[in-house]
Structure formats: C-alpha cells, structure tokens
Trainee: 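Following this message is one structure expressed as structure tokens.
This chain uses plain numbering: 1 for the first residue, then up along the sequence. Heavy atoms only: backbone and side chains are in, while hydrogens, waters and symmetry mates are out. Keep in mind that what you see is a predicted model, and the values were worked out from it rather than measured.
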Amino acid sequence: MYATQALTQLVPLAADELDKNKVTPGVLGFLVFAALAVGTWLLMKSMNRHMGKVDFEETPDPAAGPAGADGEPAEASSGTGTKAAGTKATASGKG
C-alpha cells in the first residue's frame, strides 16, 4: 500500500473530528518554530564570537593633515580653519 492510498483512507476519518472553528498549528508548527528559534540563537552566538575577534583601528584621513599636540587635526592652510575670538574653529568653519 502506498502512502497516498493510506492518506486517502484516513482523510474521511479526520474530517469527522476536525473542528472548522478551531485551527491550531499543532506539534509540527511548534517544532518548526523551535527549530527557527534555535537556529537564530546559534547565529547570534556565532556573530557575537566573530565580532569579538574584530580588531579595527581606523587609519587617519590623509586629507586632514597631521594632528596637533592636543590631538586635533592641524588647521587647514586654505583659511577655513582659523581661530576667532578665542574659540577653536573646525575644518567646516563652525565653532
């Protein structure tokens, strides 16, 4: 007996017990949801382990020029980074 023949024999039996107003995902739905949850947890754990191995230090921008003694970029020679009234001006001209 093939599986399709067995199922066609059992479908009329299940139709009598099936409540059309109450549909639940059942055990298969729970197992699929649990598998997805475990897979997500494992992916997050792996991502955290890989992100912990990252040692990234950004190289300074060569267009910014060498840093001054206080750690800030040196002033640009174009005149946009001038000091006015005792405040430090940034490269964009805003104080």
Trainee: Side chains of residues 52-63: which donor-acceptor pairs under 3.5 Å do they make with residues two or more places apart or in other chains?
Mentor:
{"from": "D61", "atom 1": "OD1", "to": "A63", "atom 2": "N", "distance (Å)": "3.4"}

Trainee: Using a side-chain heavy atom cutoff under 4.5 Å and only I, L, V, M, F, W and Y, what cluster partners does L43 have?
Mentor: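 Taking Ile, Leu, Val, Met, Phe, Trp and Tyr as members, L43 stands alone, with no cluster partners.
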Trainee: What residues join V38 in its hydrophobic cluster, counting side-chain heavy atom gaps under 4.5 Å, either direct or through other members?
Mentor: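 Besides V38, the hydrophobic cluster comprises W41, L42, listed by chain and residue number.
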Trainee: Under the rule for side chain to side chain contact (heavy atoms under 4.5 Å, CB included), what residues qualify as partners of N48, not counting sequence neighbours?
Mentor: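 N48 satisfies side chain to side chain contact (heavy atoms under 4.5 Å, CB included) with no residue once adjacent residues are dropped.
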Trainee: Who passes side-chain hydrogen bond (donor to acceptor under 3.5 Å, both in side chains) against S46, sequence neighbours left out?
Mentor: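 By the side-chain hydrogen bond (donor to acceptor under 3.5 Å, both in side chains) rule, S46 matches H50.
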